[in-house]
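The structure under discussion appears below in the form of structure tokens.
Note on naming: letters A, B, ... go to the chains in the order of the sequence lines (proteins, then strands), and numbering restarts at 1 for each one. Small disclaimer: the values here were computed from a predicted structure and weren't measured.
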Amino acid sequence: MFEERVYCGDLSIDDAGKEVTISGWVDRNRDLGGIIFLEVRDVTGIMQVVFDSSKSKENAEIADKTRSEYVILVKGKIRKRAEDTINPNIPTGDIEIDADSIVILNRSKVPPFPIDTRDTINEEISLKYRFLDLRRETLKEAIIKRHLMMQAGRKYLVDRRFIEIETPVLNKSTPEGARDFIVPSRINRGQFYALPQSPQLFKQILMVSGYDRYFQIVKCFRDEDLRNDRQPEFTQIDLEMSFCTEDMVMAVIEGLLKEIVSVVPGKNITVPFERITYHESLSKYGTDAPDTRFDLELIECTDIFKRSEFKVFSTAIEKGGIVKGLAVQDKGKISRKMIDDYTDHVRIYGAGGLPMFRYKEGNFEGGISKFLSDDEKREIVKRFKLNEPSVLFFSVDNENIVNFTMANMRKKIAADLGLIDEDKLNFLWVTDFPLFEYDSEAKRFQAKHHPFTSPRTDQIDMLEEVTPENVGELKSQAYDVVLNGVEIGGGSIRISDPLVQNRIFNKLGISDEEANDKFSFLLEALKYGAPPHGGIALGLDRILMILLKRNSIRDVIPFPKTQKGQCLMSGAPSGVADIQLKELSIKIVE
RNA sequence: GGGGUGUUAGCUCAGUUUGGUUAGAGUACCUGCCUGUCACGCAGGGGGUCGCGAGUUCGAGUCUCGUACACCCCGCCA
């Protein structure tokens, strides 16, 4: 009886007169007494089925017994609805099925929340009854668009000779980067696998193996605290290419993202994307993932306040701090209360406060304006090109805090004032990342991207000359792709010369023994004719979240975890039987 | 590890400011009526450990403390 089944959403007025069989869930039951309308839902859509008791009393009685989410099978004839009964709100609203038979395939408990409305439900309930929320339109749209996006991406890459290759999930733990999830080995007592943070080493190995274009849509795992755009397991579109330049990788990704966006949400975007250097991005926006949907550029003005009478500024500068400002033409929208809130808010970024004043027709008002000299005011007008009435915000502290504070305030102010065009999709590349950064607490250099990233070829000679002071000058061949202020991917040209790789490890304070212990297979592989290669990984969940304008990565993942890393549906993680622990030689210490 | 918001009927939420009779609404659910509805309609009905635990008080959904869970953020993480 299932063989002839058709999908509700596939039926149209062209099918009028046909005998069909549909199966699905009772979305709604409208019993008018002598006539009953059932709305039947399947994965594609909804179809109205009519039961007329004067035609078949038996069928009407069965239909009458159905409740929300009962599973039924209906046979009947498609017919065009009378003009005055057409429902313009659903795609199949101009037809209906005149039922000849109905079978109740399964019954359902009363669902804890309605499936057929767009009302938002509490996320805790959504996660617990994920199997029901997945029936609802909002989540279903995300899951199906996710599928379409993956298919579009696969096709695009396959068409360009990329080969899809799987890499191991049970891996060797590497303490670099994020915290690993580890898996105990039963056969090897006291030893552990790690789940991959990314397939980095394996995809480089594949390049050495000669599969010159690899890709994989792959789960990655990081045991770090969660955020609205971070889950412990997430999906990357991962790729690697041999015989390539940065530009070639970027071109592939631009084409890939253009293709994806043409499917979800179905827009045309311009390629190539804008490019900005890491240095310029930090200078203008305070972050390496700038949101360029609105202006509000940060203006450096340390020099203006170097010898200021306003000691808050001059003292901080003396101690090596910097000052950056932001001029907002607020059209009177920024209230006293908002300013108070902002001043309070910046403390979470480590800032002491948010000095400000208003500018209007040559006058400086409020805030710190009374501490400023005429010279300083003149310079400020010039530097910020002040013309329209504006509110100016400043941050003074060490460079990191100033940038972090101003980057976040820039976004917050833009959001509060409605300056962000939500329909924009601003893709851009951030290039020329520093190769290293200096960890002043651990007193050592760290790879900004990862330790296999190639320095710029014309700067390799300065590798040994890098100091904590000039660390920013040595650039790598690393690049990030950013969408609407969110980092959606990053990659680099890799080191293919084992000697250069060793020099990098040396600089990072990774001893030969340590390098051999952790990465010997890669180092060994590089000695057997490694082609020049590079690649990138895109965060699929994040991209989809932005393209579908969802608030959280959880809204585009079928079975996400809570902030404490729990699955409210399955109850993972959970304890295990003593026998399992014993087999693994593991003891829980209270 | 830290800061913030929330938790009241199956669901979505009001009530908490200023403690005071029997805690409300919409929806869902159950029963009955109804032959063109489409969030069908009409009539009736059932449904509450106000997250949990202490405390203050004559009296706590409301105040205090603790705690659990969810979410947002800092740290952490590309």
Side-chain angles (χ1 to χ4, degrees), chain A residues 27-39 46-55 57 60 64 67-69 81-90 92-93 96 98 109-129 132-133 176-180 197-198 200 220-232 234 236 287-289 344-351 401 404-405 408 412 430 433 437 446-450 453 478-482 486-492 536-539 542 551-552 554 561-564 566 568:
Chain A
D27 202 55
R28 226 163 233 286
N29 173 335
R30 285 187 291 274
D31 181 358
L32 274 65
I35 190 165
I36 297 167
F37 298 96
L38 296 187
E39 287 189 6
I46 282 176
M47 178 60 60
Q48 172 164 285
V49 184
V50 188
F51 296 86
D52 191 327
S53 63
S54 67
K55 187 183 157 195
K57 200 160 184 210
D64 181 44
R67 295 287 178 271
S68 289
E69 302 310 309
R81 293 200 204 179
E83 281 303 323
D84 58 336
T85 62
I86 287 174
N87 181 359
N89 300 320
I90 59 171
T92 59
E96 63 192 7
D98 179 21
K109 285 174 70 177
V110 175
F113 50 82
I115 308 298
D116 62 344
T117 66
R118 267 163 212 80
D119 288 355
T120 52
I121 53 169
N122 188 301
E123 192 161 4
E124 218 171 327
I125 302 290
S126 159
L127 292 174
K128 183 173 174 193
Y129 295 97
L132 293 180
D133 201 14
E176 292 287 316
R179 196 177 292 116
D180 284 327
Q197 298 174 28
S198 80
Q200 185 59 37
C220 300
F221 306 87
R222 290 174 190 169
D223 187 8
E224 298 293 347
D225 285 1
L226 284 69
R227 285 285 191 281
N228 79 329
D229 62 352
R230 273 165 34 190
Q231 282 273 305
F234 61 100
Q236 287 190 344
T287 169
D288 59 6
D344 200 40
H345 183 76
V346 294
R347 292 179 204 286
I348 64 174
Y349 308 121
I401 289 179
F404 193 46
T405 302
N408 280 294
K412 184 166 171 58
V430 181
F433 277 79
E437 57 194 348
Q446 285 188 335
K448 182 91 182 161
H449 185 61
H450 57 51
T453 300
Y479 33 82
D480 277 0
V481 57
V482 173
V486 177
E487 185 212 318
I488 57 163
S492 65
I536 191 166
L538 299 178
R542 281 188 185 176
N551 295 322
S552 160
R554 294 183 301 279
K561 307 243 180 325
T562 69
Q563 198 163 48
K564 284 189 74 184
Q566 305 204 345
L568 295 184

With sequence neighbours excluded, tell me which residues meet side chain to side chain donor-acceptor pair (under 3.5 Å) with A:Ser198.
none
Which residues pass the ring pair (Phe, Tyr, Trp, His ring centres under 6.0 Å) test with A:His449, not counting sequence neighbours?
none
With sequence neighbours excluded, residues passing side-chain contact (heavy atoms from CB on, under 4.5 Å) with A:Phe404:
A:Tyr349, A:Asn408
Assuming nearest nucleotide by heavy-atom distance, tell me which of A:Lys55 and A:Asp84 is located more 5' along RNA chain B.
A:Lys55
Is A:Arg28 close enough to B:C40 that one of its side-chain N or O atoms is under 4.0 Å from OP1 or OP2 there?
yes
Using the C1' atom on both, measure B:A28 against B:C73 and round to a whole Å.
36 Å
Output the rounded distance in Å from CD1 (A:Ile46) to P (B:U37).
18 Å
Between B:C42 and B:U5 - C1' atom distance, rounded Å:
43 Å
Got a sec, which residues hit side-chain contact (heavy atoms from CB on, under 4.5 Å) with A:Gln197, two or more places apart in sequence or on another chain?
A:Ala178, A:Asp180, A:Arg222
Base, backbone or nothing for each nucleotide of nucleotides 7-13 of chain B, written B, S, -, heavy atoms under 4.0 angstrom, 5' to 3'?
---SSS-
Would you measure the distance from the C1' atom in B:C63 across to the matching atom in B:C58 and give it in whole Å?
16 Å
What's the gap between B:G51 and B:G44 when it is taken at their P atoms, as a whole Å value?
32 Å
Sequence-distant partners of A:Glu487, salt bridge (Lys or Arg N to Asp or Glu O under 4.0 Å), two or more places apart
none
As its Watson-Crick or G-U partner within any shown strand, both distances under 3.5 Å, B:A23 has none
d(CG, A:Asn551; C1', B:C72) in whole Å
11 Å
Applying salt bridge (Lys or Arg N to Asp or Glu O under 4.0 Å), can you list everything that pairs with A:Arg28, at least two apart in sequence or on another chain?
A:Asp116
Using both distances under 3.5 Å as the test, list the Watson-Crick or G-U wobble partner of B:C63, or none.
B:G55
Answer with base, sugar-phosphate or nothing: what part of the nucleic acid does A:Glu124 contact at a heavy-atom distance below 4.0 Å?
sugar-phosphate
In whole angstrom, what separates A:Gln231's CD from B:A70's C1'?
13 Å
Which nucleotide wins on minimum distance to the side chain of A:Asn87, given the candidates B:C29, B:A39, B:U35?
B:A39
Nearest whole angstrom, please: distance from the C1' of B:U5 to the NE2 of A:His345.
14 Å
Sticking with atom P, work out how far B:G59 lies from B:G20, rounded to a whole angstrom.
15 Å
Strand partner of B:U5, provided both Watson-Crick or wobble distances fall under 3.5 Å:
B:A70
Per-nucleotide protein contact string for nucleotides 73-78 of chain B, where B marks a base within reach and S marks sugar-phosphate only (heavy atoms under 4.0 Å, - for neither)
SBBBBB
Between B:A70, B:U35, B:U37, which nucleotide gets closest to the side-chain atoms of A:Ile35?
B:U35
Rounded to whole angstrom, note down the C1' distance from B:C77 over to B:A39.
45 Å
Is any side-chain N or O of A:Arg30 closer than 4.0 Å to OP1 or OP2 of B:C40?
yes
Has A:Phe113 got more than 12 heavy atoms of other residues, nucleotides or ligands less than 6.0 Å from its CZ?
yes
When rounded to whole Å, the CD1 to C1' distance for the pair A:Ile36 and B:C38 reads 15 Å
Mind checking the P distance from B:G46 to B:G24? Whole angstroms is fine.
13 Å
Does the side chain of A:Ser54 get closer than 4.0 angstrom to OP1 or OP2 of B:U35 through an N or O atom?
no
Holding to side chain to side chain donor-acceptor pair (under 3.5 Å), I want the full list of residues that pass it with A:Thr120, two or more places apart in sequence or in another chain.
none
Could you state the CG-C1' distance from A:Leu32 to B:A39, rounded to the nearest angstrom?
14 Å
Could you tell me whether A:Arg554 and A:Glu123 have a side-chain N and a carboxylate O separated by less than 4.0 Å?
yes
Under a 3.5 Å limit on both distances, the Watson-Crick or wobble mate of B:U35 is none
Could you tell me whether A:Thr562 contacts a base, only the sugar-phosphate backbone, or nothing, with contacts defined as non-hydrogen atoms closer than 4.0 Å?
sugar-phosphate
Nucleotide B:C40, atom C1' - distance to CD of A:Glu39 in whole Å
11 Å
Strictly distance-based, threshold 3.5 Å: is any side-chain N or O of A:Arg179 a donor or acceptor partner for the main-chain N or O of A:Asp223?
yes
Less than 4.0 Å between a side-chain N and a carboxylate O, is that true for A:Arg30 and A:Glu39?
yes
List the atom of A:Asp480, the atom of A:Gly490, and the distance in Å for their closest heavy-atom pair.
OD1-CA, 3.3 Å
For A:Arg347, report the nucleic acid contact type (base, sugar-phosphate, nothing); a contact means any heavy atom under 4.0 Å.
nothing
Rounded distance (Å) that lies between atom P of B:U27 and atom CD1 of A:Ile115:
19 Å
The Watson-Crick or G-U wobble partner of B:U16, with both key distances under 3.5 Å, is none
Can you tell me how far P in B:U12 sits from the matching atom in B:C65, rounded to whole Å?
28 Å
